[in-house]
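Everything below concerns the one structure shown next.
Order of appearance sets the numbers: ligands from 1, and atoms from 1 within every ligand. Being a predicted model, the structure only gives us computed values, none of them experimental.
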Amino acid sequence: MTQTKLEGYEFFNKTLKSPKMILAPMVDQSELAWRILSRRYGADVCVTPMFHAKLFSEGKKYRDEQFSTNKEDRPLIVQFCANDPDILLKAAKLVENECDAVDINLGCPQHIAKRGHYGSFLQDEWELIAKMTSLLHKELAVPVTVKIRCFPTIEKTIEYAKMIEAAGAQMLTVHGRLREQKGHNTGLADWDKIKAVKEAVKIPVVANGNILYHEDIQRCLDYTGCDAVMTAEASLYNPTVFSSEIKFPPYTFDVAKEYLDICKTVKTNGSSIKGHLFKMLQPTLPHHKELRARLGKARTLDEYFEIVEELKTLVTKVIEEKGEEEEQGQVDEKGIRKYAYWRCQPYFRPELPKNGNHESNKRNAEETIDKEEK
Ligand SMILES: Cc1cc2nc3c(=O)[nH]c(=O)nc-3n(C[C@H](O)[C@H](O)[C@H](O)COP(=O)(O)O)c2cc1C
């Protein structure tokens, strides 16, 4: 590869167009239909779900099932997990003409990643990480970016980030949690570590973790000094979270319907659709349990549409009866916004924060504990 490609801030500003908000890679959930919806509401850049480099490079069936894109789906970063530089390059070559960068996932903490020897389980294999990064840097037509988790100390996290930068990464996403922070131990992301990495490297740094509401995005940018913020879970519960114009969370069934309309136009796996509907409708379904059960069993797009339509009819009646009163989104004494159950709402993690610097998330955790104690 002799052709020059943009690096660092040139890549960030010209190719990615100086993004502020990035839709995170999410297995089964940052698929094309979700990216279309997210861009509509303000996501500047989207990342595909993580693809397994070996399966991707070897199997057309896997590729066709997992990856689809279109002309409007840009700027786009395609993410892979891998533990072999040549296999990673082979997979990346297959998408280099359909995306703006290829990202290496060094953050996945799941059992499957441990067994498959990828994601955060490569965190101690710096030589291998450097090889994968530098090979893509040298051989790929588009820049390589890397997504990491943190180490327990700021010093080691910085050393790690610098090693990846030196290997040729042109942008780094720092998820401010440790490898151990998963499941019941998820807790809060540590923005101080993200800030320290941002100060230590010269390439653009994207902060990831602790976003619940739109205004948290700017708060995170201000606190960490990062170039952009990446959001996963908050967007699943409210796909309009990227929008500065939408002051009030939308009705759950309206965004669900909007997503389904997109699914009519682009092929989308049933498991992705079902996952999205359960999350978007999460505050509403407990009030209409029969529909929740039906959603669990539904298989076709028509069935999903029917369920969402029925939910809308039922809830609209309730809204007419209860009127404005329940609509207000009152802020309680702890600062938690109480929206009516038919509006999109972030998921409050049920565990105590271990550390952190994010007021609304601390409040959310306290709130959950209060609820559990009652
Ligand atoms: C459903 C789901 C799927 C995810 N899949 C991926 C993935 O494919 N690749 C990756 O690097 N991280 C993945 N993550 C982690 C997110 O990208 C992100 O780092 C993490 O959720 C923290 O961000 P958040 O606080 O905004 O949710 C996933 C997260 C969720 C909730």
Side-chain angles (χ1 to χ4, degrees), residues 21-31 34-35 38 43 45-53 55-56 66-67 77-82 101-113 116 118-123 129 145-150 164 169 171-179 181-183 185-191 193-194 205-214 216-217 219-221 224 226 228-239 241-242 269 271-280 282 346-349 351 353 356-358 360-361 364-365:
M21 297 174 288
I22 302 182
L23 176 73
M26 290 179 280
V27 167
D28 220 23
Q29 301 283 267
S30 61
E31 85 286 2
W34 195 254
R35 300 197 295 269
S38 301
V45 171
C46 294
V47 188
T48 66
M50 169 191 86
F51 304 129
H52 195 292
L55 299 176
F56 198 92
Q66 301 288 324
F67 177 55
I77 300 178
V78 175
Q79 192 193 57
F80 289 105
C81 67
V102 164
D103 189 70
I104 306 175
N105 178 351
L106 296 178
C108 184
Q110 311 296 347
H111 276 304
I112 188 164
Y118 60 78
S120 66
F121 298 96
L122 299 185
Q123 202 166 306
I129 291 172
T145 63
V146 177
K147 180 164 178 275
I148 59 171
R149 283 191 174 229
C150 295
I164 293 169
M171 185 171 87
L172 192 62
T173 299
V174 185
H175 177 188
R177 292 188 173 91
L178 308 176
R179 180 165 61 194
Q181 287 184 268
K182 58 176 178 176
N185 294 321
T186 299
L188 284 185
D190 185 344
W191 284 0
K193 287 203 184 108
I194 302 176
V205 177
V206 179
N208 175 225
N210 296 358
I211 302 301
L212 290 176
Y213 299 110
H214 178 76
D216 294 333
I217 295 172
R219 198 175 313 144
C220 180
L221 289 171
T224 61
C226 279
V229 166
M230 177 182 279
T231 305
E233 219 167 43
S235 104
L236 295 178
Y237 289 89
N238 178 5
V241 70
F242 298 108
N269 293 338
S271 59
S272 302
I273 300 177
K274 188 171 289 198
H276 283 305
L277 291 181
F278 267 115
K279 291 193 186 75
M280 278 184 280
Q282 186 253 349
Y347 170 70
F348 300 126
R349 293 210 156 276
E351 53 278 315
N357 30 46
H358 184 271
S360 63
N361 214 344
N364 293 335

Numbering the atoms of ligand 1 from 1, which are under 4.0 Å from a heavy atom of [X]?
X: Met50; value: 7 (C), 8 (O), 9 (N)
X: Arg177; value: 22 (C), 25 (O)
X: Asn210; value: 25 (O)
X: Ala24; value: 17 (O)
X: Asn105; value: 9 (N), 10 (C), 11 (O)
X: Thr231; value: 26 (O)

Ala232 N/O to ligand 1 N/O under 3.5 Å: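 Yes, since at least one N or O of Ala232 sits under 3.5 Å from an N or O of ligand 1.
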What do you reckon, does Ala234 have a nitrogen or oxygen under 3.5 Å from a nitrogen or oxygen of ligand 1?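 No; the residue has no nitrogen or oxygen that sits under 3.5 Å from a nitrogen or oxygen of the ligand.
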Give the contacting part of Asn208 toward ligand 1: side chain, backbone, both or neither, where contact means a heavy-atom distance below 4.0 Å.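 Near ligand 1, Asn208 shows its side chain, while the N, CA, C and O stay back.
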Just to be sure I read this right, does ligand 1 sit under 4.0 Å from the backbone of His175, its side chain, both, or neither, counting only heavy atoms? side chain
Any Ile211 heavy atom less than 4.0 Å to ligand 1: no
Out of curiosity, is Gly209 lining ligand 1, as in a heavy atom under 4.0 Å away? yes
Give me the ring orientation class for Phe80 and Phe56: parallel if the planes are under 30° apart, tilted from 30 to 60°, perpendicular past 60°. perpendicular
Between atom [atom1] of [X] and atom [atom2] of [Y], what is the distance when rounded to the nearest 0.5 Å?
X: Gln79; Y: Thr173; atom1: CD; atom2: OG1; value: 9.0 Å
X: Cys220; Y: Ile211; atom1: SG; atom2: CD1; value: 4.5 Å
X: Asp190; Y: Gln181; atom1: CG; atom2: CD; value: 8.0 Å

Between the side chains of Ser271 and Asp28, is a donor N or O closer than 3.5 angstrom to an acceptor N or O?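 Side chains of Ser271 and Asp28: pair found under 3.5 Å.
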Assess the side chains of Glu31 and His276: does a donor N or O sit below 3.5 Å from an acceptor N or O?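 His276 and Glu31 do have a side-chain donor-acceptor pair below 3.5 Å.
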Contact between Met171 and Val146 at the side-chain level, heavy atoms closer than 4.5 Å - yes or no? no
Does a side-chain heavy-atom distance below 4.5 Å link Ser235 with Leu23? yes
Of all heavy-atom pairs between Leu236 and Met280, which one has the smallest distance, and what is that distance? O-CG, 3.7 Å
Which one of Gln79, Gln181, Glu233, Lys147 has a non-hydrogen atom at the shortest distance from atom 15 (C) of ligand 1? Lys147
